[in-house]
Every structure is written in C-alpha cells, then in structure tokens.
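Presented below is the structure to which this report refers.
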Amino acid sequence: MKKTATLVCFLFLLLSFCSQPQRQPDEVRVRLFNDPENLNPINYQNSSALQIINLLFQSLLTVDLEDNGLKPLLAEELPVIEQGDTTTLFNYKIREEAEWADGSPVTATDVAFTLKVMMAPLVNNEQIKSQIEFVRDFIHDKTDPKRFTLVCRSFSPEMELLTGDFFILPEYLFDPDRLLKHFSIQELVEAAPELENNKNLIAFAGQFNNVKFARDKDVLKGSAGYELENWTTGQYVVLKRKENWWGAHAAAATTYLTAFPEQINFQIIPDNTTALLALKNKQLDVLSNIPAADFDLLKKDAAFTQDYALAAPDSYEFNYVALNTRHPKLNNRYTRLALAHLLDVESLIKVTLTNYGTRTVGPVPPAAEPFYNAGLTPYPYSQAKAENLLKEGGWRHEDNGWYKTVEGKKERLTLEVNYRAGNTVFENSSLIFQQHAAKLDIPVVVQALESSLSKQKSQNHEFEMTFRSLSGNPFIFNFKPFFHTSFSAQGGSNITGFGTPETDALLDAINAAQTEREKARLLKELQRILHEEAAIIPLYYLKERIAVHKRFANTKISGLKPNYDVSAFTLKD
Amino acid sequence: MVALLFKRLFHGLVALWLIATLVFLLSRLLPGSSGSENILLANDTFYTGSSSSSRELAYRAYLRRTGLDKPTFYFTIGTSVEPDTLHTIYPEADRLLLQKLAWQFGSWPDVVKFFTAYKALHQNLTQLQEPKLLAHLQSLHRSVDPDVLLPASQRLRKILNGQHGSVELEQATRKLITKQQPYNALLPQIRWHGSQNQYHQWLTEAVQGNLGNSYRDSGAVTGHIGQAISTTWWILLLSMTLTTLLAVELSILFVRKRGAKWRRAILPFLFFTDRIPLFILALLLLILFASPDFLQLFPVYGMGTYIPTGQTWLQNALNMLPFMVLPIICLVLVNLPYVTNQFYSSLADVSEADYIRTAKAKGLSEGKIIRQHMLRNALFPIITLLSDFLPTLVAGVVVIETIFAIPGVGRLLIESVLARDYPVLVGVVLVVALFKVMSHFISDLLYGLADPRIRQIT
Amino acid sequence: MQALYNDIKQLWRQKIAFRVALCYLAGFTLLAVLLPWLPLRYMPNDINLDKVYAAPCMGGSNSNWFGTDALGRDVFANTLFGARTAILISFPVASFTALLGLVLGTTAGFFGDSGFKTKRVHVIVSVIAAVFLVYLGLYVPIKARVLLPSNTSLIYYSVASLILVFVVLWGLARLLWVRFAWFHKPIALPVDQIILRIIETLTSVPRLIFILVLASFLPPTVPMLAILLALTYWTGIARLARAEMLKIKNLPYFESARSIGVTQSAMVFRHALPNMLGPLLISFTFALASLLTFESTLSFLGIGIPNTLPSWGRTIAGIRHNAAAWWLLAFPGTFLLATVMALQVTNYYILAIIQARKK
C-alpha cells in the first residue's frame, strides 16, 4: 500500500511539471465546438469547417466584420449590375495581384471551373447546387482573362451576395487533367440526363468525391493567407501563414485582406464547461458562445479580466415563436394575439438569457436602425388582455376551459408547443409559457423533438406552436422565404402559412426597392402587418458573448458569425 | 474441446451477423438522413438562395448517387393496402399523405383518384395565386378524417362555384368515403425486392472487409474507427487493468479478518462516487485538478498538443501521458464500485465453503488461502463480469470523451447518430460487437479451463 | 418463514445500522405515498421567475429551504417529489428488470441447450403465433397510431383479429395433435443459446439508438424511457444468474436432490435461488441507482426529454448551467445517496442472515 502511495505521489509531481506546455505569443488558439469533419469548399458540413475554409480559400466578395459591410475580396470591386427584363448581368474583375499557392494567377477560368463543379451531376455538390440555381450562363471577357460576366435569371436583392459567396477553387489542383474543360456552363445548367453517362464527368466525380478533397493538405490550397499544416481529427486543426502571400502586398486600402498571426490553432472542445476551464487556464485565446451565467461570473473575476477582454455585441441571431396559421384553432388572428400576450418575453430574457438579449417587435434587428420600426411596441405580457383577445377570437370560457366551434365540432383550446431537443433556453421558455397559459385555463403540452424531426414537422405544417431561431445579417432583408405564399407549400420555408396577396406584393416591393428610404418605409410597413397578424411572435435578438486575450488588437468583434476575424489579430507592441 | 471451440466460433459469427443486421435496420428507422438534413432542411437565414423544388431535385440526385433510394431489405412485410411502388413516390410528404389515406380508406385506386384531383386543384389554385383558398385546400392535407375531408371539399366547391376541378375533387372524396374498406390494412402482404437493396449491398461489401464510406467526408469507415480506437486504446486498456487490479486487491483486503474496518471505510466512499452522475464526477475532477482556482496539475482537455517536428514514440507517449491521467482516474472511479462489489461478494461466498475451513484448519496463512484457494473458486462471476467489461467501457466513455475532448469511439458513435451518418454508425456498432463476441468467446473458454466440470456439459 | 422473521427481529434489536436503514426506507415509502396530502408551500413544477437560483434559506414565511433552480422551482418540493418518482417509477422498473433477468438467466442456466423439451406441434404453432403477434399486435397498432392518431378503431380491430387468430391456431394445434403422430415428437429447444444471443445483441446495440428510434415514433416520455431501460438493463442480471445457476447445478447437493426425486421447480426455488440472492441484490441496487440518475446523463448528451416529472436527476442536471448553484447537487444528491446506502445496509444484513442459515 505504501509503495503505491509513493509511486502515485511521484507521478503527480512529474505530471505537474508538464501540465503547462510552452506557447508562442503570435499563435492564436481558438476553440471549435466540433470537428470540421470535411474541409471541401463545396460540400463542407458545419460552421467549424466554414470558419476554417474562410482562411484557406477566398470568395469574390466578403463581409468585413469591422463595419459589417459587403466588400470585394478576390474581386477588385463590387460587381457592376445590369438589370434586364428577364436576366441580370453581374460583371466582375478579379484582383490583378491575386494568385494561387503555386504563384499562378487566379483567373476567370477558375471561377468558371468552380461553377461547373457546383453544377455537375454525380458530384457531391447537392447542398450547394441549389444556392446558385439562378445562374444561367458565364461569359469570359475576350481581352482580359481576369474579367467575366455572370448571366442570372431575373433579380432578387441577395443575388449580389450569392454571386460572390462561394469559394473559388484552383483548377490546377482540383482538376489536373482538365476533365471539365470542355463542358460549358450552359450545358450543365440545362442538365441533360445523358450527361450522367459522360465518361469525363464520371471520372471527375470519382476523383472529386474522394476523401482526398475533404482532408488532404496538399490539395486544400486556396488563394487565402493560410495553409493547412496539421489536422488531427477531433483534437486540433493547425493553420500556418503562407510565406510571401500576395494579399500582404495588395493595395493598402484593403484593411480586410489580412493574414497576420503566424499560426492559428483551432482546438476542438465539445463541452462548454471544459472550454471555459481551458480559457481560465490560458490554454485558449478566443472563446465565443460563452453561457450567459458564466459570462457574468467571468466579468466579476478580476484576475481573469486582467488578461482577457470580454465583449457582448448584438448578434443577428433571432429567436421567435412560430404559430401555424393554417391550424383551425389558430387561424384567427385574435387567438394568435392572445397567445402573444401570454408570452412574458421580458422574463424570458431575464431568466433564460440572464439579460443577454434585445427585445424586438419583428424580424428586423433593432441594431439595423433605419429599417427597424420603432413606432411599434412589443406585445406586453398581460393575462387580462389575452383573455379579452380570446373572447374576441370567438372562444367562450366555460368549465375551466376555452371552447369554440371549429369546422362543425366543439373544440377546446389546447396547445402543443415543441422545440428542438437539447435546447435548454427553449425548454425553459416553453415551461414558463406553459405555466402562464395554465393560469388562463389553456392546457399546454410541451414536447421536445429530435432536431431533424422538428424541422420536418414544421416544414410540413404539422405543428401548432414552435420555438425557433433564425440567423440573419444587417445588409439583406429578404423575408420572402418566410412570409411569401409561394414558399408556403409542403416543405417550404414559410412554415406559418402566413400571407395574403397584399403582403406578397409588399414583399416583392421590398426586394425591388431602389432607394434605402423606400426600402425602409416598406420594411416598416411589413413589420406593422406582422405585428398585427402575429403569425410569428418575435422574442429577441441574442447578444453574443466572447472573450479574447488582451495581447491581441484589431480583433474585429462583430455580431456576425464567427464574431471575430482571427486573421486580422495583431499583437499589441 | 476443438469441436467445442469451432461451435463457439460459429455461434459468435451468427451473433455478429444478427447484431449488424439489427443495427442496420434500426438505423434506417431513424428520422431524417444525412442528406435530407443538409439539402432539404436548409438552416434558417434571412435569405435562401434556392426554392424547395430545386432542393427536392438535389435531394433525389443525392439519394440516387448514394443508393439510398433503394429498398432497405430483401423483402418488406407490410399491409396489402399499400402498393409496391409506394417508396418511389416523391416528395416524401406526398408519400406520407398517400400512406395515411390508404390506411384510412383501404382502397388504393380511390386514393389515387382523390390524390390526383387534389393535386390538379392545387396546381390550378397556385396559378390563380389565391392564398386564402390554398389554406382551405391545405386542410385536406392536414387530416384524413372523413368528417373533415367531405365538408372541406364541399366548401371548396361552393367557394369556387364548381370551377377549376373542385367538382371532381368533391366526387373523388365522396367515392373515397363511400367505397372505403377500412380494415383492409389488417391484411398482411409480403413484397420481394430481390438483391437490389441497401442491405444486400452493404453486407456483400462488409463481408469483404469494406464497411463503406462516411457520408460526411467520404472517408473509409474502417479508417475512422481505426483512428478513434487508436486515440482511446491506451486509456481503455490502462483503466481496465487498473480497475481489475484494484478491485482484486480491495476485495482481498475486505475479505481478510482484519479487513472489516477497511471495508467500512472504503465501501461507502465507492458508493458515493458511483452514485454521482459521470459528467459531474468528471467536471469535479477538472475543477479540482486542472483549474487555477485549486490545483493546476493536469491539462484540461485533449490528447497532447501539436508539435511540428518529428518525435520518437517515447516522446509522444510522454507528451500524451499527463492528458490521460484525469480520464483514467474518472473511468476507474466509475467502474471500481461495481466490480469490487461483485468480486468481494463472490469471495465472501467462497470463504464460507468447507474446503476453506479445512485449509484454515491445516494452518495455512490467510493470504495464501485467499490467493490460492478462494480466488480460483470465485472466478466464475469475475469472468462473466470482465467479459462484459470492455464493450461497456467502449460505449460508456462517451461522457468522458465529451468532457475531456478526446475523439474516441464513444464520440464517434454519438456524432454519427446525431449526423445520421449510417455507415459509420453501423461500423462502430459492428466493431464494438466484435470485441464483445470475442470477449464472450474467451470467457467461455476460460470457464472451461477454470472448471473442468462445465466442459462436459456445454 | 417464521425463522426468517425471528432472525430479522433479532437483527432489529442488535444492530443499530439495520434499524436506522429500515426506518429510513419505511419513512421514505410513507412519505412518497402521503406526499400529495402534505401541506407543502410550493409544488415541484411551480415556476417563480422572481426567485431564480435563490440560495437555501431557513427563515422567513416564504423562503425556499433548499433553494430554487433555473426557473425558480423549489428544490425542497422537487426533492420530496423526486423521492415519490423514485418509488413509483424507478423501483418497479428495477424490480421488473431484476425479475426478468433472473427468470431468463436461471432458465438459460438450468435447461442449457438440451434440457428444455417440447413437442413439435407446440414449436410450429408458437412460431406462427409469434409472427401474427408482431404484425397484428405491434406493427399495425403502431403504424395506425403514427399515421392516423384519431382513428382508434383500427387498433381495436387489430387486437380483436389477433385474438381470433390465436383461437384458430389453438384449435388447429389440437386438430394436428389428434390426427398426426408426426407432431408428437419432442424437440429440444436450445434455450441457453437463444437467450445468450439475445443478450449479446441487446448489449451490443447502443441504448442511444433505441431511444432515438423510439423518439421517431412516439414522443419520448419518462415512463417510456423507463420501459426501454427495463428491456435493455436485464442482461447483466441474467448473465450473473446464468453463471450462478451453472455453478449450483454442478454442486453435489443439487445432484443428490435430483437423485432423490425432488421436482425441478422445487430444486430451483429451494436450492438455487437462495444461493443467487447475494449477487442479485447487489445488481438490483446498482440498476436502481443508475435508473435514478440516467435522465441527467441523457440531458447532458443533448437528448432532452421535456421533463414535467419532478425527479432527482432533473434537479441535479441543472448544475451544468450554473456551477455556483451547489444546492442543486447537494440536497437531491444526499437523498439519493442515503436511499442507496439504506438499501445497501439492508441488503448486507439480509445476506448475512441467509448465509448464517445456510450453515
């Protein structure tokens, strides 16, 4: 027994010496909550992968987290848009300096190649394929290999972003045998069924779908400032700055074309508590999505705030409750308004988020001031008002319940509230709503649904009331997918079934608006109608909670994902 | 003995095949698939650059490419009211509606007539852009109750004045309801799909040692599993050895004459650790031994840091060692109570036997009696327990792997389940089952060796 | 029986620990039964948003003695009602699990591969009956429930036709039995092999998959999970019971009992079961304890179930969201520990009696 004890003591001593490995100061350690799994720029699976690919590859346009504005990245300037009757042309020019890892220039041919990969049959591109369904053709400039024009079907406001949103692949690495060279974009757009038997396409798909293009550091080399150095599944992904990267010598005005840290080390830590502990141990430099309660504790911790800067920017993550307006119980707007008055949003923010949320009257973020309709007040929590609204909705209060004749049957007002299993914020919110509704004799059943089942049920309009979240941005406000009737069929994204010809026209007008003022006016009108109809009950916009080590400056903390630009980090002194 | 061994081996293989088949079929019952998650159910953002119809097309292309559009098994036993071709109907929402109608009304031709009339009206109304009317039509989609369907279709006819095919819809509804044979669903029917099915393909590949490719990164499943096992291999092995050794030593200590006071002191402590949920125990250990607030002895997470230059395996092992201490302590603490208890109770049982008394009477020392006579006879429950131990460890480390951020088999399993990565999911279960079958085989062998009497019976 | 009672009475007088443990368990059961009639200040699911994470406090007229959780629910009320849930759900489930494991394990060990003989006709008819049971008793009702939630008549008809099929099969069996001698021949069923294969299969498929598959058909609730756990937990006990049975079967006194013509069931009940009691009681206690906290682990892995049923596991799991709220772990944890310890102590002494009597 004694021997073992001494041995254990000795081991402890030995280990305590090696518990804190030495670190380079200009290496940034960032926490990822899951493994990227797949770093292929065409068929990556999760947000961690996207964050890393953003440091390896570049798209034509990007969002600068400094001011959340859309900026040209690989493109020299924002595209010149020519709107026609049925088509819209986007004219791009790629930066003169832009080059691949081997020093060869990035040209229009690479862009065309990327589009071909995204469209080709048999290739593992199904996720991204439909993102560019509006692209009809591609025109090379006769004189300049860096200029090209995208021909797109009709026009919608997000097209500008979408035409510049995909990562450009180097043809020389992804298709060394030039198997796709002889296909035209138009040919692939038309997608004749015999293409699936084409020898070249089969060969290319066989190559591209291989695991090599998901993990191999020799192939995953783009035009951005970093290279994949090491990826140990489930543990870490290490990126190294390219030597002599073209972006470093590019025009001085581009403050967002950056690759400052020598090495970026992404640490994969699934559990929040562990990540927090690692941060306190200074094993991490950046941690986002800190649980609200812990964030408050960290703020009070003087020893911690000496080394780390905490920030809580307004994010564009919107939580709301969707009501199924097609359900006979809920097709009356007074009923929906009554439910809206039963949701104590102030308390939800206080209790479930410890105040890290901003109340909103509609889906437009309050941070986007010119477009936010400040003239509306959010639904107050009021049992009395809810009761009156229910009566106005045709419900009668008898034998401890609310009754109404629906489609020839006397029905009691009951509700089934569902949320995605595992989401504690939504779980607690539903329980609070349940208790408040019970005070008014409305029995509520709370149900946790497994994530994909919950999505499936909402898109098939098989729900009554559900808690959901939506991630937005400050520059594109296209609410058509959520409120336009053309998206309300089975499987569409307008899950509430909301919509009248007037609102459809309004949504179209918002997308076609030429001036910002006009757009603001229309958006405010939309918010007013949504507020009256209460097909969705807006809850709040979340505040992101981030900690970054104080030795870094220029962190570009922003409400937009991933909430900081790690490539821009510079060492203070 | 050799014949017995072969028999056991054969039984083991059968068990393996059964397990693989069960998991394969069960995994296909899970809601959603990797493809539908990413393609059909796009995440909510302010703009979606694609319509649901183009996503539907992409989804079907995906199913074709991965072979997921084929039937799952050689045959299906279903109800006679569903036609053979039901699984070829897309989108899946329509398929579900048809299925509901078939179960409710029992007459497939009438269901099809109703459905075509419904679709035609839907088409017409969409062209007319009449959202209010579409909502009426949707109520037909929501319920298959005859008391809802008939009034709804009548109302539609009235509103539309019999135009746009609403009369046809009402007639079809009426016919559907009057001609219903609701209990047709009780009649079973077997449908044969031949070898063009997912299971057959998977099995023929698996027999040749190819467990398929992951849906997430198209990497070989065997590679994924190999990597996961290699990271957690040492943790599992060390914790298992440590647990067994400690359990044997402790139970010997308890069974000694002077051991009573030890037992009274240690057993409650073991119970205490066993009752704490594993994640709380792990977090407690982290806060105690890896946080600046208390003792900062060990690194918090992971399995070593990245060091660019080449290293010998010894340096590597030394690099990894401090990372493994807390997970191993955790695993030992979790498994020790149960194992110790079982060992102790079987030892205590044996200590009452006559031959032990004889041995004592012969004046043998207590330690010798325990180690030479009692341990040998108490082996039975111990072997049973140990044979189940390794697989339980593999499946049970999920929580520890999550907290300590170790990419092991447990995490691979739970991630593949949550991402609906079927090939990896089935592969992991198969490998764990292989371990299990092997350990059962070995335990059967040991039974035979430990107690010659059993050899004759089984 | 009389002797056992006397032994217990003697123990009660002599051992304080035994007395305390029994008193605790009795009080615990009484509390669980009487709880709905007790004048409690708060109910376990009462949400109070003004008092979130209130620390324990003894004084005052509306203080929370054990503090409150993330939604301001009273931890004291939750601890008491958690005890009730433990008695009403975990206890029956653990007992059922132990019983199932015991019966199957003993059967496997006792009969082995050749000990269980039955007539051909029984085997054939049972197989056919099982097929119909799965189709009419499981497939059709579940499908009907999922596809047509409002249509219950289909389920009734399905069950009715199942009974009809059984009656017809029974008649058929009689007929075959009388007419054809071929059906009289006995076959040995490899009971041991069958049960071992089932155990292997069940223990190899992760429970998580069962839960997720179940969740895709029916909304997962705590009782549903309990049933699922019972159906997957019994394997450990069964293996132990089988091993013990194999051992006992070869002991000399068992063989001599057989030679003097004691019936099989009497042998199992009189001689085998008391010998197995030790390991079984231990397994039972462990199964019970893991049931008590299983749901907190589930919620850790993100497979939450909407929990309107107050339980210790639910309260304990709350500590993940606020590590500073120690009272969430401390109070339910103490009760959990005390309960298991009390069981352990009672087990220990009862085992001691049995062992003493064996001598």
Side-chain angles (χ1 to χ4, degrees), chain A residues 12 15-16 18-19 21 37-38 45 122 126-127 129-131 133 158 162 209-211 214-215 230 233-236 238 265 268-271 273-274 277-278 280-281 283 326 407-408 450 452-453 455-456 459-461 468 470-473 476-478 481 485 490-493 497 499-501, chain B residues 31-32 35-41 44-52 54-56 58-59 61-62 65 91 93 129 131 134-135 138-139 141-142 148 151 216-220 227 283 286-287 290-292 296-303 305-306 321-322 325 402-405 407 411 420:
Chain A
F12 268 65
L15 291 170
S16 59
C18 35
S19 68
E37 289 170 6
N38 183 339
Q45 311 272 329
L122 303 172
E126 287 92 358
Q127 285 172 60
K129 198 178 218 165
S130 48
Q131 291 279 322
E133 53 164 354
E158 69 268 25
L162 287 175
N209 294 349
N210 193 290
V211 65
R215 310 187 60 99
N230 186 298
T233 310
Q235 297 189 44
Y236 44 78
V238 182
N265 196 335
I268 298 149
I269 311 173
D271 188 62
T273 322
T274 316
L277 217 53
K280 284 184 187 163
N281 279 0
Q283 279 173 287
R326 293 206 175 140
E407 288 178 356
E450 203 273 326
S452 56
L453 197 65
K455 281 186 191 168
Q456 217 173 317
Q459 295 199 345
N460 290 332
H461 306 287
R468 291 169 72 86
L470 171 76
S471 61
N473 59 56
I476 293 174
F477 298 105
N478 179 6
T485 51
Q490 299 283 313
S493 49
T500 58
Chain B
S36 65
E37 268 286 282
N38 288 316
I39 301 166
L40 280 187
L41 309 166
D44 287 346
T45 49
F46 270 10
Y47 55 90
T48 22
S50 52
S51 64
S52 56
S54 68
R55 268 186 277 145
E56 183 70 41
Y59 177 55
Y62 167 81
R65 186 168 61 78
Q129 296 213 322
L134 271 178
Q138 284 284 340
S139 72
H141 210 303
R142 197 169 49 77
V148 176
R216 285 173 293 172
D217 67 354
S218 353
Q227 190 168 28
L283 289 177
L286 269 181
I287 289 169
S291 92
Q296 200 170 351
L297 289 178
F298 304 105
V300 182
Y301 67 93
M303 281 293 283
T305 41
Y306 170 64
L321 202 63
V325 175
T402 307
I403 287 182
F404 294 103
R411 273 208 73 69
R420 302 287 183 275

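In what follows, every heavy atom counts, from backbone to side chain, and hydrogens, waters and symmetry copies are set aside. Protein chains get the first letters and strands the later ones, always in sequence-line order, with residue 1 at the start of each.
Of all the heavy atoms in B/S218 and A/V211, the pair that sits closest is O-CB, 3.7 Å. Contact detail for B/L283 and A/D271: the closest heavy-atom pair is CD2-OD2, 4.2 Å.
Atom CZ in B/R216 sits 4.0 Å away from atom CD in A/E37 (nearest 0.5 Å). In this structure, CG on B/L286 lies 5.5 Å from CG on A/L277, to the nearest 0.5 angstrom.
Per-residue heavy-atom pair counts under 4.5 Å with chain B were compared for A/A278, A/G497, A/P270, A/G234, and the maximum is reached by A/P270. Contact count versus chain B (heavy atoms, under 4.5 Å) is highest, among A/N210, A/N265, A/T233, for A/T233. Taking A/T274, A/L122, A/T273 one by one and counting their heavy-atom pairs under 4.5 Å with chain B, the maximum is reached by A/T274.
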